[in-house]
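Worksheet: one structure, shown below.
The structure presented is a predicted model; accordingly, all values stated were derived computationally and were not measured. Each chain gets a letter, A, B and so on, in the order the sequences are listed, and its residues count up from 1.
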Amino acid sequence: MSEEVIVRFPPSPTGYLHIGGARTAIFNWLFARKHGGKFILRIEDTDAERSTEESIQGIIDGLTWLGLDWDEGPYFQSQFAHEHKQVAENLLKEGKAYKCFCTREELEAKRKKALKEKRDIKYDGTCRNLSPEQIEEKEAAGMPYVVRFKVPERQGKIGYDDKVLGRIEKDYREIEDFVIMRSNGRPLYLLCNVVDDIRDRITHIIRGQDHMSNTIRQILLYEALGARPPVFAHMPLTLDLQKRKISKRTHGEVVSVQWYREMGFIPWALVNFLVLLGWNPGTDQEIFSREELIQAFSLERINKSNSVFNYRKGDPKFFTDPKAISINAHYLRTMPIEEIAHMIKDDFKKEGIWLDAYEGEKKKWFLSTLDLIRSRFHTLKDFARQGRAYFADDFEFDPKALKKNVLKRPELKELLPALASELEAVESWNLETTEDAVRKFAESRALKAGIIINGMRTVLTGQLKGPGIFDVMVAIGKDRVIARLRNTPNLFET
RNA sequence: GUCCCCGUCGUCUAGCCCGGUCCAGGACACCGGCCUUUCACGCCGGCAACAGGGGUUCAAAUCCCCUCGGGGACGCCA
C-alpha cells in the first residue's frame, strides 16, 4: 500500500493572499512535510475576468514570505481548459450529463418562487429527460445550453469520512443536477477542480468548511470519472468578532498577509499564530519551531468549530489580534539576535539609518544594542522607530516624555550640560564608571538621582521608557551622550 | 426557506470518543504584587466558561433527546 501524500493549495487569484487562505496553505504544507509528501501550488484562474497577474504574484510572494515552499507548480488551471472541456463532453456522451436549455431568467424565477413558497430551491430537472428530438430541435433553433451532471437515481445516501468532522452523508434525492459547463463551453470549478486533482494524484484535500457542500457533488464526479476520491478534511472557518467570515473586502488590510509583513511581523510568528486558530497539539505548547510544528501536526487535532479572529477595528492598543502580537513579540525577544538583525536591514535602509559597518567592525555593537532594546518591542518596525535614537542623531522626542522628564524640571537646562562636562573626564566608558559618575554628580548637587536619570533618558533617547540608563549610555557612546546632554537647553526652546 | 456543520473563560483552546482524578487546565488580554529611581522582560497571584431544559446514571462538560444560538452552502463564482 502506498503511503504517498500529495496535497495542494489552489487559490483563485482574485485578490491578495489573505490570512484565511494562508492558514489553509499552512495546514496543507504541514501535512505534506509531516508525511514526506508533496505540496502543490495550483492557481485556479478559470474565472478569467476576475483573475489578475498582480494577485498571482501577491499569492506567490505571500507564501514565499511565510516560508511555505511547494514541490510542484505553480500550475495554472487555465492551461488545462481543453482537458476540462473534453471531460465534460465525455460525460455528456456517456449519458452521465445532459444539456440544459433553461435560461438564466427561467431559473432565477423558479428560485424566487421556491424561496417564496419556502421550498428547497434546487433545480427541478426540467431538461433531464428531454427526448433526442427535443434536444435536436432546441439546438437547431440555436438555443444555448449548459451541461448538467446527472445525479444517479439511487436510494439512500452517499457519504464520506471527513478527517475533521467524521462521517458526512447526504441523501441522493437532495442533490440537484449541478452545472458542470457554462453555455460558452467553459467548464466550472466543481469539475475543473476534480479533473485537476485526479491528474495531480491528490491524496488529501484539506480546505475550509465552506466547501463542504461541494464535496458530496465532487465525490459523485470522481465516481463518474472512475477515480477514487481523496481523503477530505474540512477545517473550521475563521470569523470576525461579529461572526462573519473574514474577507479582504469587508475587513481590508488586517486580513492580508502582505500587511503583516509591512507592519513588521516575523513570518514564522504569523504562521505560528495562524496554525493555532483551529488546531492544537494536545499539549500546552504554543510556540513551535518549524521542525516542532511539522512533528506535532495532525489532521485529527483540527477543531470542528469556527474560531474568531479577535480584531477590533480602530483599537488604539492592538492593531491586530492581541495574541498574534504577543506571539510576534515573543519571537522578537527570543530569536537569535543575528536573525533579527537580518530581518530589519531593509527597514533600516529605508529609514536611512543603515550602516554597512553593522555587518563589519560595528557588528558586535549593533547586535548588542538590538538585544538591549528588543524586550519591549512588538514588531520589527519598532527598532527603527522607537529605537532610532540608538542609531541616529536625528530622532524625535515623544512630547509626553519631554514634558514630564525635562520641561517640568527647568534646572536640567543647566544640570545636564554640567553633567556632560563631568562625564568628559570618564576614562573608560562602561556600566560602572558611568553609574559612578552620574551618582557622584547627583550627590554633589544634593539631588535625587532619579531626576537626573529620567531626564537623561528622554534627552538621550527621546523616550519616556527604555533600558537601564547606564546601559543606554554605554550603547549610545560617550561622545554622543555628551553632545546630547549639552543640547538640553535647546529642548526648552520652541 | 431547504440542506449541512458547530456551541467550554472576552479571545485561542485542553478535557468530551473510553462518565468519577474537573467546585474545569493552559495561553492571550485585563487587574494586583515582586523586580526596576522608567518601561519592558521575568516571576508570583487574581478575575473569568461547560448555551438552556429535560432525561440516563450512585455520578455528566463528557451519553441520549428537545430548545435556543452561531456559521456555511443553496450561482452559467472559485
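With C1' as the reference atom, B/rC9 and B/rA24 are 10 Å apart, rounded to whole Å. When the P atom is compared between B/rG25 and B/rG45, the two are found 14 Å apart, to the nearest whole Å. A gap of 26 Å separates the P atoms of B/rC50 and B/rU57, to the nearest Å. Distance check on atom P: B/rU11 versus B/rC17 gives 25 Å, rounded to whole Å. Taking the C1' atom of each, B/rC44 and B/rC23 are spaced 24 Å apart, rounded to whole Å. Nucleotides B/rU62 and B/rC18 are separated by 14 Å at their P atoms, to the nearest Å. To the nearest whole angstrom, the two C1' atoms, one in B/rA61 and one in B/rG52, are 14 Å apart. Taking the C1' atoms as reference points, B/rA60 lies 13 Å from B/rG15, given to the whole Å.
Ranked by how close their nearest RNA chain B nucleotide is to the 5' end, A/Lys304 and A/Arg111 are led by A/Lys304. Closest-nucleotide positions on RNA chain B for A/Arg104 and A/Arg167 were compared, and the one nearer the 5' end corresponds to A/Arg167.
With a cut-off of 3.5 Å on both Watson-Crick or G-U wobble distances, the partner of B/rA29 is given as none. Pairing for B/rC3 is with B/rG72, a Watson-Crick or G-U wobble pair whose two hydrogen-bonding atom distances lie under 3.5 Å. Figure legend. B/rA61 is base-paired to no nucleotide; pairs are counted as Watson-Crick or G-U wobble with both atom distances under 3.5 Å. For B/rC23, there is no paired base (Watson-Crick or G-U wobble, both distances below 3.5 Å).
Remark: the backbone N or O of A/Thr458 is not paired with any side-chain donor or acceptor of A/Thr461 at under 3.5 angstrom. Side-chain N or O atoms of A/Arg148 include one that pairs as donor or acceptor with a backbone N or O of A/Asp177 at under 3.5 Å.
A/Val146 comes within contact range of at least one nucleobase, with a heavy-atom separation under 4.0 Å. When heavy atoms are screened at a 4.0 angstrom cut-off, A/His234 is found touching no nucleic acid atom at all. Among the protein residues, A/Leu237 comes within range of the sugar-phosphate backbone only, with heavy atoms under 4.0 Å from sugar or phosphate atoms but none that close to a base. Looking at heavy-atom distances under 4.0 Å, A/Glu44 makes contact with sugar-phosphate atoms alone, never a base. No engagement by A/Asn193 is indicated, since no non-hydrogen atom pair under 4.0 Å with the nucleic acid exists. When heavy atoms are screened at a 4.0 angstrom cut-off, A/Ser305 is found touching the sugar-phosphate backbone but no base atom. Contacts of A/Arg333 with the nucleic acid, taken as non-hydrogen atoms under 4.0 Å apart, involve only primed sugar atoms and P, OP1 or OP2. Counting non-hydrogen atoms under 4.0 angstrom, A/Leu277 reaches the backbone sugars and phosphates but no base. Among the protein residues, A/Lys245 comes within range of the sugar-phosphate backbone only, with heavy atoms under 4.0 Å from sugar or phosphate atoms but none that close to a base.
Comparing B/rC12, B/rA78, B/rA29 against the side chain of A/Phe318 picks out B/rA29 as the nearest. Ranking B/rC4, B/rA73, B/rG15 by closeness to the A/Arg301 side chain, first place goes to B/rG15. Here the side chain of A/Asn310 is nearest to one of B/rU11, B/rC3, B/rC30, namely B/rU11. If you check B/rA78, B/rC5, B/rU11 against the side chain of A/Tyr189, the one that comes closest is B/rA78. For A/Asn280, the side-chain atoms get nearest to B/rU13 when compared with the rest of B/rU13, B/rA27, B/rG71. For A/Lys243, taking side-chain heavy atoms from C-beta onward, the closest of the listed nucleotides B/rC3, B/rG10, B/rG70 is B/rG70.
Straight-line distance from the CD1 atom of A/Ile168 to the P atom of B/rA73: 16 Å, rounded to whole Å. Residue A/Phe76 contributes atom CZ, which lies 17 Å from atom P of B/rA78 at whole-angstrom precision. For A/Arg217 and B/rG72, the CZ to C1' distance is 13 Å, given to the nearest whole Å. Atom-to-atom, CG of A/Asn303 to C1' of B/rU8 comes out at 12 Å; the value is rounded to the nearest Å. Going from atom CD1 of A/Ile180 over to atom P of B/rG75 covers 17 Å, rounded to whole Å. Here the P atom of nucleotide B/rC6 and the CD1 atom of A/Ile302 are 14 Å apart, to the nearest Å. In this structure, the CG atom of A/Leu239 is 9 Å from the P atom of B/rC12, given to the nearest Å. As a whole-Å value, the separation of A/Glu108 CD from B/rC76 P is 9 Å.
Crowding of A/Glu106 atom CD: a count of heavy atoms from other residues, nucleotides or ligands under 6.0 Å exceeding 12.
To the nearest 0.5 angstrom, A/Arg23 atom CZ is 13.0 Å from A/Leu17 atom CG. Note that CE of A/Met143 is 11.5 Å distant from CD1 of A/Ile135, once rounded to the nearest 0.5 Å. Distance check: A/Asp321 CG to A/Asp240 CG gives 12.0 Å after rounding to the nearest 0.5 Å.
The aromatic rings of A/His234 and A/Tyr160 lie perpendicular to each other, with more than 60° between the two planes, well past the 30° mark. The aromatic rings of A/Phe265 and A/Tyr260 stand perpendicular to each other, their planes meeting at an angle above 60°, with 30° marking the opposite boundary.
Remark: A/Arg8 does not engage A/Asp200 in a salt bridge, criterion side-chain N to carboxylate O under 4.0 Å.
The base of B/rC76 sits within donor-acceptor range of the side chain of A/Ser183, with an N or O pair under 3.5 Å.
Annotation: A/Phe297 is in aromatic contact with A/Phe27 [ring centroid separation under 6.0 Å].
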Polar atom pairs (N or O), protein with nucleotides 34-40 of chain B, under 3.5 Å:
residue	atom	partner	partner atom	Å
B/rU37	N3	A/Gly450	N	3.4
B/rU37	O4	A/Arg439	NH1	3.4
B/rU37	O4	A/Ala449	N	3.1
B/rU38	N1	A/Arg457	NH2	3.2
B/rU38	O2	A/Arg457	NE	3.3
B/rU38	O2	A/Gly466	N	3.0
B/rU38	O2	A/Gly466	O	3.4
B/rU38	N3	A/Arg457	NH1	3.3
B/rU38	N3	A/Gly466	O	2.5
B/rU38	O4	A/Gly466	O	3.2
B/rU38	O4	A/Pro467	O	3.4
B/rU38	O4	A/Gly468	N	3.1
B/rC39	O2	A/Arg376	NH1	2.2
B/rC39	O2	A/Gly466	O	3.4
B/rC39	N3	A/Arg376	NH1	2.5
B/rC39	N3	A/Gly466	O	3.3
B/rA40	O2'	A/Ser375	O	2.5
B/rA40	O2'	A/Arg376	N	3.4
B/rA40	N3	A/Ser375	OG	2.9

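Within the 4.5 Å cutoff, the side chain of A/Tyr172 has no heavy atoms near those of the A/Glu153 side chain.
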